[in-house]
Amino acid sequence: MGKEVRVRFAPSPTGDLHVGNIRTALFDWAYARHTGGTFIFRIEDTDTTRVTDEYIQAAIDTLKWLGLDWDEGPEVGGPNGPYLQSQRLDIYAQWAQKFLDQKDAYYCYCTPVELEARREAQRAANVAPGYDGQCRDLTDAQIADYKAQGREAVVRMRMPDGGTTFTDEIRGEVTFDHKFVPDFVLVRGDGSPLYTLAVAVDDIMMKVSHVLRGEDLLSSTPRQIRVYQAMGVKPEDYPTFAHLPFVMGQDNAKLSKRNGEVSIAWYRERGFLPEAICNYLALLGWSPGDDRENVTMKELTELFTVDKVHSSPARFDMKKLEAINGDKIRALTPDEFLNWSLPFLTKAAVISGTDAEIAVVKAALPIIQERIVTLAEVPAMLNFLFVKNFAVAEDCVSKVNDAAAKSVLTRSISELKKLTTWTHDSIEAALRSSLIEDMGLKPRIAFGAVRIATTGSNISPPLFESMELLGQEVSLQRIKLALAL
RNA sequence: GGCCCCGUCGUCUAGCGGCCUAGGACUCUGGCUUCUCAAGCCAGCUACGAGGGUUCGAAUCCCUUCGGGGCUACCA
């Protein structure tokens, strides 16, 4: 109550940040912003065999792209740094030594092979597997003997008898009996710290007040609390825990490459807007409490509270993400839409980026804004305006080379040639009076032929607007070309 | 196996003992609109995992059961 809110997002970048990570980051960020607190970004890179600099940089870029700005962390610094655990090794070593001195921790000389054998035996005997405490009270002679054998020692935390009970903001009171929380390793044989040591130390030293993280860490909470105790932290100064439900894949398994793309970079390339991703992810495990679904980032920070977070896992649904992305695209201002679209157009080589091209794009975007779901569709939608070697799509040729279509196109040419003003209104008026009224054709038949001739496809943005953008000369050229098919 | 978490339409959710013949959104189906595709509008389909209690009354509280998930590392 009343304590300063400090939340952290602390990923271990062993790969690209995925949907689940980002949902956690989003909630951390939203909570910090909602409360006017501090959002800390910390990199948990104690597992040097799996974390790479590339992944760390990618994580930083992804958070930036999503608009999840942090107050303390990489690049921005802060008073509680450094924010990369790999740069805090001496801190962990000091605490580990203190725990050793206090007899809260002890050196364990068991080898991985021995441990595995004993665990196997425990499983076979149907006993809870876990460290059996063999090295808890070694004599000096035993230690000397192990050392003489050249054994490496890990530092292990002593779990006292009893249990740990804490209140999870999302799940309520949770209790773990220490019978099922074996003595755990704090420091590896090579002297490097483990997650269990580093998180706890950092959360305390960085004055983290609220730990919102994935529910996979729920059962590691008693171990962290044990470290707090050893650090001499008073219970009222422990962070508040809130374990977020998982984001699952379609088949109810943890999200993975197999059941849906998980990397945020993938969504970025596919033309999803950061705001759409955040909006959709916010709805996974949280709701404003009413029927609102479309929220901006700003509204999210205003509405987000932990008590509205679910305790049950949610399945990721691409269709709904797409629907929201479409909504967000439609809500873009013309300039925003232009800025988001340009990279996709140049990457697809539809335009090279000249001012003249951009002017056309700018004029054309309004007519496609409500017909696309992702930005990746923009190139295909506008390609007909820029294509050098225009040709009618294969599967559409048969629709414009019959007698009926040819008469439509012939008449269109003669009518359109006469126009002295070339606007979608004048084009429509000319075509309607000649093709529909004079020739008595159904609009979809008549305009369909013109559409294929001018845009090359039976699916296109609105016809008359498209022809206006194309210009009189090019439009006529293309219709003549179709007539020759 | 043990420990822990979770369980409302296909999916995301609203629901905190009577307002629930369970509401919204996405998907799907049908229709309207319409120059194609969209968008928009209307309609429809479909859910409280099961069984016991408690209560005048339960999706809401309790128990059991079944199902799903996590952890059980010198990963995080």
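Nothing here was measured: the structure is a model prediction, and the numbers come from that model. A note on names: the letters A, B, ... follow the listed sequences, proteins ahead of strands, and every chain is numbered from 1.
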Paired nucleotide for C28(B) [Watson-Crick or G-U wobble; both distances under 3.5 Å]:
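Here C28(B) is engaged in a pair, and the nucleotide opposite it is G44(B).
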RNA chain B contacts among residues 170-182 of chain A, heavy-atom distance under 4.0 Å:
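Of all residues in residues 170-182 of chain A, the ones placing a heavy atom under 4.0 Å from RNA chain B are Arg171(A), Val174(A), Thr175(A), Phe176(A), Phe180(A).
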Going by heavy atoms closer than 4.0 Å, what residues in residues 446-461 of chain A are next to RNA chain B?
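Going residue by residue through residues 446-461 of chain A, the ones with a heavy atom under 4.0 Å of RNA chain B turn out to be Phe447(A), Arg451(A), Asn458(A), Ile459(A), Ser460(A), Pro461(A).
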Would you kindly give the [atom1]-to-[atom2] distance between [X] and [N], to the nearest whole Å?
X         : N      : atom1 : atom2 : answer
Ile368(A) : C35(B) : CD1   : C1'   : 18 Å
Arg119(A) : G1(B)  : CZ    : P     : 20 Å
Glu322(A) : C28(B) : CD    : P     : 10 Å

When we call it a touch if two heavy atoms are under 4.0 Å apart, what does [X] touch: a base, just sugar-phosphate, or nothing?
X         : answer
Leu431(A) : nothing
Pro245(A) : nothing
Phe464(A) : base
Cys396(A) : nothing
Gly289(A) : sugar-phosphate
His310(A) : sugar-phosphate

Pick out the pairs of N or O atoms, protein on one side and nucleotides 60-62 of chain B on the other, that lie under 3.5 Å.
none

Are the charged groups of Arg371(A) and Glu377(A) less than 4.0 angstrom apart, N to O?
no
Report the residue from Phe344(A), Tyr267(A), Tyr280(A), Trp340(A) that forms a ring pair (Phe, Tyr, Trp, His ring centres under 6.0 Å) with Phe272(A).
Tyr267(A)
Using a cut-off of strictly less than 4.0 Å, decide whether Arg432(A) has a side-chain nitrogen or oxygen near OP1 or OP2 of C35(B).
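True: Arg432(A) side-chain N/O within range (under 4.0 Å) of C35(B) OP1/OP2.
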For C37(B) and Arg371(A) - does any side-chain N or O of the residue sit under 4.0 Å from the phosphate oxygens OP1/OP2?
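No, because none of the side-chain N or O atoms of Arg371(A) sits under 4.0 Å from OP1 or OP2 of C37(B).
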Show each protein N/O and nucleotides 41-50 of chain B N/O combination with a separation under 3.5 Å, one pair to a line.
none

Phe464(A)-Phe447(A) aromatic ring centre distance below 6.0 Å:
yes
Is the distance between the ring centroids of Phe304(A) and Trp286(A) under 6.0 Å?
yes
Among residues at least two apart in sequence or on other chains, which ones pass side-chain contact (heavy atoms from CB on, under 4.5 Å) with Pro11(A)?
Phe9(A), Leu17(A), Phe41(A)
Checking Glu114(A) now: which residues fulfil side-chain contact (heavy atoms from CB on, under 4.5 Å) with it, not counting sequence neighbours?
Cys110(A), Thr111(A), Arg118(A), Arg151(A)
Taking the inter-plane angle between the rings of Tyr109(A) and Tyr107(A) on a 0 to 90° scale, is it parallel (under 30°), tilted (30 to 60°) or perpendicular (over 60°)?
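Tilted, since the angle between the ring planes falls between 30° and 60°.
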Of the nucleotides G23(B), C75(B), C26(B), which one has an atom closest to the side chain of Asp291(A)?
G23(B)
Closest to the Lys319(A) side chain: U13(B), C26(B), C35(B)?
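Given the options U13(B), C26(B), C35(B), the side chain of Lys319(A) is closest to C26(B).
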What I want to check is whether an N or O donor and acceptor connect the side chain of Glu370(A) with the base of G40(B) at under 3.5 Å.
no
Looking just at side-chain N and O atoms, do Thr374(A) and Asn325(A) make a donor-acceptor pair shorter than 3.5 Å?
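No, Asn325(A) and Thr374(A) have no side-chain donor paired with an acceptor closer than 3.5 Å.
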Please confirm whether Arg156(A) makes a cation-pi placement over Tyr106(A), using NZ or CZ under 6.0 Å from the six-membered ring centre and within 45° of the ring normal.
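No, Arg156(A) and Tyr106(A) do not form such a contact.
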Take atom C1' in C66(B) and the same atom in A50(B), then report the distance between them in whole Å.
7 Å
